[in-house]
Structure formats: C-alpha cells, structure tokens
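See below for the structure under consideration.
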Amino acid sequence: MDRYTIKRVAVCMICLVVMASCICIRARSASSETSSSPVLSTSVMTEPQIAARAAVVVEYETGKVLYEKNADLQLPMASTTKIMTTLLTLESDNIDDWFTVDSEAIKVEGSSMGLSEGEVITKRILAYGMMLPSGNDAANAAAVAVSGSIEGFVRLMNEKAENFGLTNTHFVTPSGLDDYTDEHYSTALDMANLTRLALSNETFREICGTKSICLEFGDGESFWLSNSNKLLSSCEGVIGVKTGFTDKAGRCLASACERDGVTLICVTLSDPNDWYDHTNLYDYCFSLAGAVNLTPIAD
C-alpha cells in the first residue's frame, strides 16, 4: 500500500471517530432532557416486611396514614393502655398534691414501680411510674386517686375513647392486664390516634420521652425509674411513647419520632420483632414524608 493510500485510510478513520463521538454526545443530551421529567426519588426505600399482626404509621399533625397493616383489626394492646391512663391522670386536678396510695389497688401482678402500703405519692410521680417502668401498681393507684375506684376510672377511660372517636377500642383495666377478659382491645389505628391526643399534652410528652429519672416519695426517700422503651436510645429521633406485653397480647409498642420537622407515630400490636420493625418503618416512612400531601384533616 503506497503512502497516499495510507493517508486516505487514516483520514477516514479519524472522521468515523469524530462522527461516533457526536452521536454519543447527542444521545446523552437527549437522555438528560428525558430524565428531567418527574421520577420516583431513589431515596424512597422499599416497603419493609414486618412481623406484627397489626401496624400503622401516621403523621402527628394531620393523622395521615403513611403505612398500614391490618390497622383496624381489634387486638389486645397490653400496657400501651397506660397511654390513656396516664393522660387522664395528668388531666385530673391537683397532680402535685401528696396522698397515700390505696393499699388494695397496688396489690397487682406484673411490672411495678415499687409502691408499698402507706406510700405517699403524687399523681405526677405515678405518671412517671406508669410510663417508664410500666408499673401496674402505679396505674391502679392513679385510677383510684382520680376516680375513687378502678371501676369508675375504667368508665372514664371508655368515655374518653368514645368522645375522641376511638370506635374500635374498649378498656377493662387501667394497666392493660388482660388474662381474665377478652373485652380489653383496641386497634393499631385507634392507638395511634390516642397517642396523637396524648402527645398534645406537654407534660405527657415530657414524661414519655424521659430515659431515667430520680424521684422522691413523700417521706423523702429517693428512687430511680428507667424507661423500658429501648427506641429512645437506639432509633434516631424517637421521643417516646409506650411499651407493652402480656401473654395474650404479645409485644405491643407505640412510639413517636421526629426528623426534619416532621413527627410520625408508629404502633405495632402482637409484634415479636417490634424494635426492629419500628426502626425500619420510620426509615421507610420518613423517606415518603416529602412526597405526601400533609394537609390537615378537616374537623
């Protein structure tokens, strides 16, 4: 092949390379223009698979449901019941007045804040005893202090539930103990809406988010209470609310979490993997929060 032919071949190859480059540039430009149209953000996670029989995640301000699984299924709710008991206790009069606990009311099985016969206490301290170590003795003592009897307080609980539109909820005990009844039940959605109501009470919000606290009985004896809600330490942004367990109900958990100015509430009922499920549900639902319309629900 002579020198002239070699030059011609070289020039042709250079032209082909230039043309191919132009085609690639135009293709990338077209692709960029197409991708400017709205698409699902890659920050939105895959919906998690959870172990709970029933679950829901709602936005605190609006009540908008971001996730649900059997959210209206009636199930026992164990000590998440104490959300209602604590709220009613804090809404009652003279929560910082000292009084002697009812000696019969505190004789109750299960978790305890350590009340003894003749103990002098306040309703505020009983609220800590209910929300942190989930004291059944505290729940019964508060019920008698507020209404004069456990039975009278349970009526007050059910009246409050009805007034707030918790149509799938019925209380039998102030503590959540349910061994002897099938009539103590709620739903994940009702418990989420109850939690929304409770968190509007600033004292409740402060108590349920306390990890531990040193308090004093009326005789000056000090004691420590620690919160059973592990999410307060293990999940970013969690501010409360309440754990629960009975053999009948299984593990139950209501929690609330704040991130980037948005507060979500998660409730799981009968969930053997509740810590893990709440963490995953928050990560998933906060990834959705920017994409949903959080317009307040009309009254």
Side-chain angles (χ1 to χ4, degrees), residues 53-54 56 58 63 70-95 101-102 104-111 123 126-127 129-131 134-201 203-204 207-208 240-250 252-254 265 267-270 297 299:
R53 285 191 66 191
V56 73
V58 303
N70 300 325
D72 292 317
L73 178 65
Q74 292 179 352
L75 293 169
M77 62 292 201
S79 282
T80 59
T81 296
K82 294 186 179 83
I83 296 172
M84 175 66 90
T85 305
T86 300
L87 178 61
L88 290 174
T89 299
L90 295 175
E91 288 180 343
S92 67
D93 296 329
N94 307 315
I95 66 170
V101 297
D102 184 275
E104 291 301 314
I106 63 174
K107 295 176 182 178
V108 59
E109 63 182 329
S111 54
K123 294 176 186 174
L126 289 176
M130 285 185 275
M131 295 304 293
S134 196
N136 295 331
D137 53 351
N140 279 6
V144 174
V146 172
S147 297
S149 69
I150 291 175
E151 294 76 16
F153 188 80
V154 169
R155 286 194 295 272
L156 185 63
M157 295 172 77
N158 286 314
E159 288 171 5
K160 184 76 167 182
E162 182 179 359
N163 290 340
F164 194 61
L166 307 180
T167 57
N168 287 308
T169 297
H170 186 260
F171 297 103
V172 176
T173 69
S175 63
L177 291 175
D178 54 17
D179 288 345
Y180 62 91
T181 179
D182 292 324
E183 296 304 313
H184 191 89
Y185 58 81
S186 187
T187 67
L189 184 57
D190 271 10
M191 291 306 297
N193 284 324
L194 173 59
T195 301
R196 290 179 64 217
L197 175 66
L199 287 174
S200 67
N201 183 300
T203 305
F204 178 95
I207 291 173
C208 77
V241 180
K242 187 70 192 75
T243 61
F245 174 80
T246 64
D247 290 339
K248 181 180 293 185
C252 300
L253 181 60
I265 293 168
V267 175
T268 52
L269 301 179
S270 187
I297 298 173
D299 293 334

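Owing to the predicted nature of the structure, the values given are computational and were not obtained by experimental measurement.
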Counting distance only, does the side-chain N/O of Asn158 pair as donor-acceptor with the main-chain N or O of Phe171 below 3.5 Å? yes

Report yes if some heavy atom in the side chain of Leu90 is under 4.5 Å from a heavy atom in the side chain of Ile207; otherwise report no. yes

Lys242 and Ser134: side chain donor to acceptor below 3.5 Å: yes

Working to the nearest 0.5 Å, report the span between CE of Met84 and OG of Ser186. 8.5 Å

Looking at every heavy atom in both Ile83 and Leu194, which two are closest together, and how far apart are they? CG2-CG, 3.9 Å

For a 4.5 angstrom cut-off between non-hydrogen side-chain atoms, does Val241 reach Phe204? yes

With side chains defined as the heavy atoms from C-beta onward, is the minimum distance between Thr243 and Ser79 less than 4.5 Å? no

Enter the distance from Asn70:CG to Leu75:CG here, rounded to the nearest 0.5 Å. 8.0 Å

May I ask you to check whether Lys107 and Asn140 show a side-chain donor-acceptor distance below 3.5 Å? no

Between Asp178 and Pro76 the two heavy atoms that sit nearest each other are OD2-CB, 3.5 Å

Report the residues that fulfil side chain to side chain contact (heavy atoms under 4.5 Å, CB included) with Val146, sequence neighbours left out, ordered by chain and then residue number. Thr89, Ser92, Lys123, Phe153, Leu156

Side chain proximity check, Arg196 to Asn193, heavy atoms < 4.5 angstrom: yes

Are the side chains of Met77 and Asp190 in contact, using a 4.5 Å heavy-atom criterion? no

What are the two closest heavy atoms between Thr86 and Ala127, and how far apart are they? CG2-CB, 3.8 Å

Let me confirm one number: the CG-CD1 distance from Asp102 to Ile150, rounded to the nearest 0.5 Å. 7.5 Å

Just so I know, are the side chains of Leu269 and Arg53 near enough to count as touching, which here means a heavy-atom distance under 4.5 Å? no

Heavy-atom closest pair (Leu126 atom, Ala138 atom, distance to 0.1 Å) is O-CB, 3.7 Å

Less than 4.5 Å apart, any side-chain heavy atom of Cys208 and any of Met131? yes

Point-to-point distance, once rounded to the nearest 0.5 Å, from CG of Asp72 to CG of Leu189: 5.5 Å

Does a side-chain heavy-atom distance below 4.5 Å link Thr81 with Met157? yes

Lys248 side chain vs Thr181 backbone, donor-acceptor pair below 3.5 Å: yes

Looking only at heavy atoms, what is the nearest atom pair of Met130 and Ala142, with distance? CE-CB, 3.8 Å

Where is the tightest heavy-atom contact between Ala192 and Val56, given as atom of each residue plus distance? CB-CG1, 3.7 Å

Side chain of Thr173, backbone of Leu177: donor and acceptor closer than 3.5 Å? yes

